[in-house]
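Order of the sequence lines sets the chain letters (A, B, ...), proteins ahead of strands, with each chain counted from 1.
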Amino acid sequence: MNCSPVVFTDAEGFKTAKADGSLRQVRNTAMLPGAVSVSAMPDIHHGYGMPIGGVLATGGSDACISPGAVGYDINCGVRYYSFNISKEDAQSFMPDLVKSLYRAVPSGVGKGGDIHLNAKEIHKLLSMGAKWSVQAGYGTEADLESVESAGRLDFADSSKVSELALKRGADQLGTLGSGNHFVEIGYIDEVYDEPTAELWGLKKGQLGMMIHTGSRGLGHQVCTDYSRSFKKAVKKYNIDIPDIQLACAPVSAQESKDYLGAMGCAANFAWANRQVIGSLALQAVSDSLGGVQSNLLYDLAHNILKFEEHNGMKLAVHRKGATRAFSAGHIELSGVYKKTGQPVIVPGDMGRCSFIMKGGEKSMELSLGSACHGAGRKLSRKEAVRNARGRNIAAELSAQGVHVMAADKMSLFEEMPEAYKDVQVVADIVSGLKISEKVVKLKPLCVIKG
DNA sequence: ATGTAC
């Protein structure tokens, strides 16, 4: 190994990481050329090459880039809006709201939306990111201040995105996708950090909306294309790696430059996508509840590669199922977030709860400014379906006061609460380490899924 | 995650 990897978890989490092979994947990741820091969060589970919940930073003369360390859903991420309305005032509208959200936001595998981008527009969008959506009328300029990196990676180069990837993305802007992607309306159930919550405009009982999705078919195709190219690069540059799924190339290699250009485009597409979905969903909320004011708290990427400076070194930081969690005072933060640390949004599962945290005081030191991104799967999709067979998950959730609609019944099986670890445990582990610290707990009221 | 296996 080129560095000593660290897994932040408890005894139970360590056991499951060993059992599902993700611990071995952590070790494999630390064997990549130029790896200077490898860590994994308590939501760690097995992924393609590198585990979900992992952070890999490479630097120095051997630094490499690995598409498998970003993953297939490039810039999968999450955003949260707070509303000026309380749970009590909104609760009775939920059965109607879930339907109007479902109508407003196209969801499901392969699903396209109402926005069709011609060649010129898609290239423009891939360069501009979230700003393209704002200029097209989805949301406001002010939103961009609450998006990580202002919703744009500047090294995006759309000439590096294949025709097939462009084609797959052309009608998927403003669509949710499937799997664990969702739009959820919920409320703040508990406040842990009053001063921060107040600075962020959050209070107990307040209604809000979380959106979780990524770059859809476009990003998936970028990863497919470049996984192929990097497998060749491994031979070409004679790189010794323990798992071909971690195929990598030197940062300076043409393959890496091309991947970074394309990955940046997929990241920008995802930010543009969440910006559009936010706008569509807010319209549905206003239609159902009648004139609601909203404020975008933050939008975070959790599958992405960025160049950051840590301890005086320029590093290629790959976060895969791990979110950025910069501490208070970080140079890349601005406004109130510079004072508090950045928001860290940690979705749980459909039935239990989620957390909004802040970048903790130890995150820079322990995990290169990174934290957990969610609960983490406990059961594989297949196991979850087996356990859910014959049950009516929507009815079970409804009995708990959570209204759910999904494009595919199977996805409710795969995504049922028991398929996930308890996010409370995950949040407590990172809180205890001061990687990220709890600000509020959210509870769901209605959810739409792909 | 994903036109859920080219």
Side-chain angles (χ1 to χ4, degrees), chain A residues 20 22 25 43-54 66-78 105-113 116-117 161-173 175-183 211-229 231 245-246 259 262-263 265-267 269-271 273-274 277 300-305 318-323 347 349-350 373-386 388 406-415 419-420 448-450:
Chain A
D20 78 358
S22 53
Q25 293 189 316
D43 49 337
I44 180 173
H45 56 108
H46 190 272
Y48 178 83
M50 177 162 123
I52 320 296
S66 175
V70 173
Y72 273 86
D73 191 4
I74 296 166
N75 192 4
C76 186
V78 58
V105 184
S107 63
V109 183
K111 186 81 176 179
H116 298 269
L117 301 160
V161 179
S162 69
E163 285 302 321
L164 182 55
L166 293 171
K167 188 181 152 208
R168 288 180 68 176
D171 70 341
Q172 291 191 325
L173 187 71
T175 68
L176 194 61
S178 77
N180 60 5
H181 291 166
F182 63 80
V183 177
I211 296 169
H212 179 207
T213 185
S215 51
R216 309 286 285 103
L218 186 145
H220 190 275
Q221 191 62 44
V222 166
C223 187
T224 302
D225 293 338
Y226 284 92
S227 292
R228 200 171 296 141
S229 121
K231 278 176 191 165
Q245 293 187 348
L246 282 169
Y259 170 69
M263 192 279 303
C265 288
F269 186 87
W271 270 314
N273 191 29
R274 287 196 289 278
I277 291 177
L300 289 159
H302 54 227
N303 282 0
I304 202 163
L305 193 166
H318 306 63
R319 294 192 179 90
K320 181 181 186 182
T323 176
D349 58 71
M350 292 186 281
H373 85 308
R377 273 201 168 275
K378 189 167 75 179
L379 305 177
S380 70
R381 293 180 188 284
K382 209 182 255 180
E383 286 169 326
V385 168
R386 197 166 49 227
D408 179 0
K409 225 189 320 185
M410 283 309 253
S411 87
L412 284 183
F413 286 1
E414 294 173 353
E415 297 296 318
Y420 285 89
I448 66 157
K449 295 195 66 79

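Applying the salt bridge (Lys or Arg N to Asp or Glu O under 4.0 Å) test to A:R319 and every residue at least two apart in sequence or in another chain returns A:E308. In this structure A:S107 satisfies the side-chain hydrogen bond (donor to acceptor under 3.5 Å, both in side chains) test with no other residue, sequence neighbours excluded.
When heavy atoms are screened at a 4.0 angstrom cut-off, A:G177 is found touching the sugar-phosphate backbone but no base atom. A:Q172 comes within 4.0 angstrom of sugar-phosphate atoms only, judged by non-hydrogen atoms across all strands, and of no base. Residue contacts shown for A:S178 include a base, since a base heavy atom lies under 4.0 Å away. Residue A:I52 is out of contact with every strand shown, counting any heavy-atom pair closer than 4.0 Å. Contacts of A:G179 with the nucleic acid, taken as non-hydrogen atoms under 4.0 Å apart, involve only primed sugar atoms and P, OP1 or OP2.
Here B:dT2 presents its C1' atom at 16 Å from CG of A:N75, a figure rounded to the nearest Å. We find that NE2 of A:H181 is positioned 16 Å from P of B:dT4, with the value rounded to whole Å. As rounded to whole Å, 13 Å separates atom C1' of B:dA5 from atom CZ of A:R228. A:M410 has its CE atom 16 Å from the C1' atom of B:dT2, to the nearest Å. Atom-to-atom, CZ of A:R381 to P of B:dA5 comes out at 11 Å; the value is rounded to the nearest Å. For A:Y48 and B:dA5, the OH to P distance is 14 Å, given to the nearest whole Å. Straight-line distance from the OH atom of A:Y72 to the P atom of B:dA5: 11 Å, rounded to whole Å. Rounded to whole Å, atom P of B:dT2 lies 15 Å from atom CG of A:L164.
You'll find the side chain of A:V183 reaches within 4.5 Å of the side chain of A:I211, heavy atoms only. Here the side chains of A:H373 and A:P347 are not in contact, with every heavy-atom distance at 4.5 Å or above.
OP1 or OP2 of B:dT2 has at least one side-chain nitrogen or oxygen of A:R216 nearer than 4.0 Å.
Side-chain atoms of A:D20 come within 3.5 Å of backbone atoms of A:H46 as a donor-acceptor pair (strictly under, hydrogens ignored).
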